[in-house]
Amino acid sequence: MDAIGNEYLTDINPAILKEQVQACRRLWKMVIIYALREARERIANTNPKYLSKAVAKEMKYFRSPDFEEICVRAGVPIKPEAIEKALRDLRRWNFHMTTTRTSNV
């Protein structure tokens, strides 16, 4: 069995293998981007009164072993603390932009 496996390994073109690895990493990066985008939309549409609860709910996924594995496969070192800060800052920024627009009208 090992002889068959080794035979196939020697037939693999390193350039093609590198291209496949890069394609997989791009795919996992898109998974991260879409997860962050969806979280951002949910937080932006949350009543300010429930913001802490909404952020905590989103962070369950971003602190999970599944998300950690996705980051490893994507080759992207993302810290959940940075995501949480960005989600909270996004909400503050949205609030600031909303009050600025309404006060200028």
Side-chain angles (χ1 to χ4, degrees):
M1 188 77 147
D2 286 333
I4 293 172
N6 289 338
E7 178 183 323
Y8 286 115
L9 286 176
T10 58
D11 289 344
I12 295 175
N13 182 332
I16 292 173
L17 182 60
K18 183 179 179 181
E19 185 178 312
Q20 289 174 344
V21 168
Q22 289 173 343
C24 287
R25 284 195 175 141
R26 283 192 302 272
L27 174 65
W28 288 117
K29 286 176 185 177
M30 290 306 297
V31 169
I32 292 169
I33 289 168
Y34 279 100
L36 291 169
R37 190 178 292 170
E38 288 176 4
R40 180 191 67 196
E41 299 231 353
R42 285 189 289 269
I43 294 298
N45 294 322
T46 299
N47 184 323
K49 180 164 91 172
Y50 303 112
L51 180 62
S52 289
K53 190 181 255 187
V55 170
K57 184 177 178 181
E58 294 298 330
M59 290 311 300
K60 282 182 185 178
Y61 173 69
F62 293 117
R63 294 187 196 285
S64 73
D66 290 341
F67 185 72
E68 185 178 324
E69 180 66 24
I70 290 169
C71 290
V72 168
R73 291 178 184 262
V76 179
I78 297 179
K79 295 184 179 178
E81 296 78 21
I83 294 172
E84 183 172 1
K85 181 182 179 325
L87 288 175
R88 290 183 186 280
D89 288 348
L90 167 78
R91 187 50 189 243
R92 281 190 217 101
W93 182 80
N94 278 346
F95 178 74
H96 174 71
M97 291 302 292
T98 304
T99 57
T100 303
R101 285 185 191 154
T102 55
S103 64
N104 290 340
V105 175

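Side-chain contact check for I16 versus E19: every heavy-atom pair is 4.5 Å or farther apart. Side-chain contact check for V72 versus W28: every heavy-atom pair is 4.5 Å or farther apart. In this structure, F67 and R63 have side chains that are not in contact, with every pair of non-hydrogen atoms separated by 4.5 Å or more.
Rounding to the nearest 0.5 Å gives a distance of 6.0 Å between CD of Q20 and CG of L17. Put simply, OG on S52 and OH on Y50 are 12.5 Å apart, with the number rounded to the nearest 0.5 Å. Atom NZ in K29 sits 14.0 Å away from atom CD1 in I70 (nearest 0.5 Å). For the atom pair CD1 (I83) and CD (E81), the distance works out to 9.0 Å, reported to the nearest 0.5 Å. In this structure, OG1 in T46 is found 7.5 Å from CD in E58, a value given to the nearest 0.5 Å.
Connection of V76 to M59 is established within a shared hydrophobic cluster, with ILVMFWY side chains joined at heavy-atom distances below 4.5 Å, either directly or through further cluster members. Transitive grouping of hydrophobic side chains (ILVMFWY, heavy atoms separated by less than 4.5 Å) brings L36 and V31 into a common cluster. By the rule that hydrophobic residues join a cluster once side-chain heavy atoms approach within less than 4.5 Å of another member, Y61 and I43 end up as members of one cluster.
Minimum heavy-atom separation, A74 to R25: O-CD, 3.7 Å. Listed here is the closest heavy atom pair of V55 and R88: CG1-NH2, 3.7 Å.
Between R73 and E69 there is a salt bridge, with a side-chain nitrogen of the basic residue lying less than 4.0 Å from a carboxylate oxygen of the acidic one. Salt bridge status for R37 with E41: absent, with no side-chain N to carboxylate O gap under 4.0 Å. Under the 4.0 Å criterion applied to side-chain N and carboxylate O atoms, K79 and E84 are not assigned as salt-bridge partners.
Remark: E68 CD is loosely packed, at most 12 non-hydrogen atoms of other residues, nucleotides or ligands lying under 6.0 Å away.
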